[in-house]
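Written out below as structure tokens is the structure these notes cover.
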Amino acid sequence: MNYNLIIQWISYFFIYSFIGWIWEVCLVFSREKHFVNRGFMHGPILPIYGFGAIMILAVTTPFKESLPLVFISGMIGATLLEYVTGAAMESLFHVRYWDYSDNRFNLNGHICLMATLAWGVFSVIMVKWIHPPIEEWFHHFNWMFSQIMTLIVLIIATSDFSIAFYEAMDLREVIDQLAENNQTVRRISMRIDAYRAFLELDEEESLKDKAEMVVDELLSEIKEKFADNRQGATNRFAELVAKRDAINEHIENRKQRGYYRRAERILRRNPRATVVKQSERAEALREMIERIKKGNMK
């Protein structure tokens, strides 16, 4: 593949990434009634659409005279790309930037039948009507001008991607830490309830009465351990309360740091991001999204 052809394909990538961004912005605007700068990156490009278009053009070129084969080959190629990209991003960032889990006939939430058929239809529309004028329009430009503009956009997009990548890694770290802290706070709170129940227990109250709000085994363990030393239980209760309060304060302090705000920015661009099969992470992500919706980001 020669240098001129490489520049041409890079240009196509950015053109379709921009078209995809316009499509997503309009789609979200129709639902939310306000502008959302969609996508993984800050600029007006959605790489998944650019890569999808390149994939479609590559796999449909041998069949471009047959629309049924264009439909099938484009559908398969783009769907495969969407699945691999979605699975890789979830593995790397612990977040799904799109999720088809609520759609029928989905595969692990990364692809679904409706989206697959849509890729096929888009393949036919692109090969038959969209790409020919774009290709002709591209060749009307002065080659030197096209080359310079493509390289400039490539440099800007690479910088944008680098920033977005670090934001996504910040988001991963924030979600993991929030999930871990929330789990710890929940575990400590349960033990605090058990200690409180034990310390409030008197001779006329049965163990069962106080066990209604805590785990029976935990309360029994505390009763056995501190039955003859209530002061020890009191001290441990105070330690757990202090530890829980310290963790909550630590969480609030982290929310004011730069990397937390950078993580929130990427969620603003992807308000439907999800985490599945990991309840603690999912809860942490919902907490951040609710914080954004309430306008608490500074």
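One is the number of the first residue; the rest follow in order along the sequence. If you're wondering where the values come from, they're calculated on a predicted model, not measured in any experiment.
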- Message: For a 4.5 angstrom cut-off between non-hydrogen side-chain atoms, does V153 reach F18?
- Response: no

- Query: Got N37 and W21 here, is their nearest side-chain heavy-atom distance under 4.5 Å?
  - Reply: yes

- Using a 4.5 Å cut-off on heavy atoms from C-beta on, say whether the side chain of N4 contacts that of W143. yes

- Query: Do W9 and F161 belong together in a cluster built from hydrophobic side chains that touch within less than 4.5 Å?
  - Reply: yes

- Message: Counting only heavy atoms not in H140 (residues, nucleotides, ligands), do more than 12 fall under 6.0 Å from its NE2?
- Response: no

- Item | hydrophobic_cluster_shared for W137 and L57, side chain cutoff 4.5 Å | yes

- Item | Over all atoms of both residues, closest heavy-atom pair of R104 and C112 | O-CB, 4.1 Å

- Query: Would you call the rings of Y49 and W119 parallel, tilted or perpendicular if under 30° counts as parallel and over 60° as perpendicular?
  - Reply: tilted

- Taking the side chain from D160 and the backbone from G43, do they hold a donor-acceptor pair closer than 3.5 Å? yes

- Closest contact, heavy atoms only, E82 versus Y100: OE2-OH, 2.8 Å

- Message: If you define the side chain from C-beta out and look only at heavy atoms, does anything of L151 sit under 4.5 Å from I7?
- Response: yes

- Does the side chain to side chain contact (heavy atoms under 4.5 Å, CB included) test come out yes or no for F122 and I56, once each step is laid out? CA-CA 9 Å; F122 176 71; I56 289 170; 3.7 Å; yes

- Message: Membership question, hydrophobic clusters at under 4.5 Å side-chain separation (ILVMFWY): are F138 and M126 in the same one?
- Response: yes

- Rounded distance [0.5 Å steps], CD1 in I6 versus OG1 in T150: 12.5 Å

- Student check: side-chain heavy atoms of M75 and L117 closer than 4.5 Å: yes

- Task: Side-chain contact test, heavy atoms from C-beta onward, threshold under 4.5 Å: evaluate it for S17 versus M41 and give yes or no.
- Result: no

- d(M55 CE, T79 OG1) to nearest 0.5 Å is 10.0 Å

- Task: Decide yes or no for E135 and Q8: does some side-chain heavy atom of the first lie under 4.5 Å from some side-chain heavy atom of the second?
- Result: yes

- Query: Parallel, tilted or perpendicular: which describes the rings of F165 and F93, with under 30° parallel and over 60° perpendicular?
  - Reply: perpendicular

- Item | A87 backbone acceptor or donor facing S91 side chain under 3.5 Å | no

- Can you name the one residue among N106, L107, N108 that meets side chain to side chain contact (heavy atoms under 4.5 Å, CB included) with H110? N108

- Item | Hydrophobic cluster identity match, I15 and I22, side-chain contacts under 4.5 Å | yes

- Note on the structure: When rounded to the nearest 0.5 Å, the distance separating CD1 of I45 from CD1 of I19 is 13.0 Å

- Shortest non-hydrogen contact from R38 to L46? O-CD2, 3.9 Å

- Query: Are L67 and V59 connected in the hydrophobic side-chain network, where two residues link if heavy atoms are under 4.5 Å apart?
  - Reply: yes

- Rounded to the nearest 0.5 angstrom, the CG-OG1 distance for L80 and T116 is 10.5 Å

- Task: Could you give me the CA-CA distance, side-chain angles and deciding distance for I48 and F40, then say whether side chain to side chain contact (heavy atoms under 4.5 Å, CB included) is met?
- Result: CA-CA 9 Å; I48 185 62; F40 180 76; over 6 Å; no

- Item | P68 and F63, any side-chain heavy atoms less than 4.5 Å apart | no

- Message: For the OG1 atom of T60 and the CD1 atom of I72, what is their distance to the nearest 0.5 Å?
- Response: 12.5 Å

- Query: Between F35 and F29, does the ring centre distance come in under 6.0 Å?
  - Reply: no

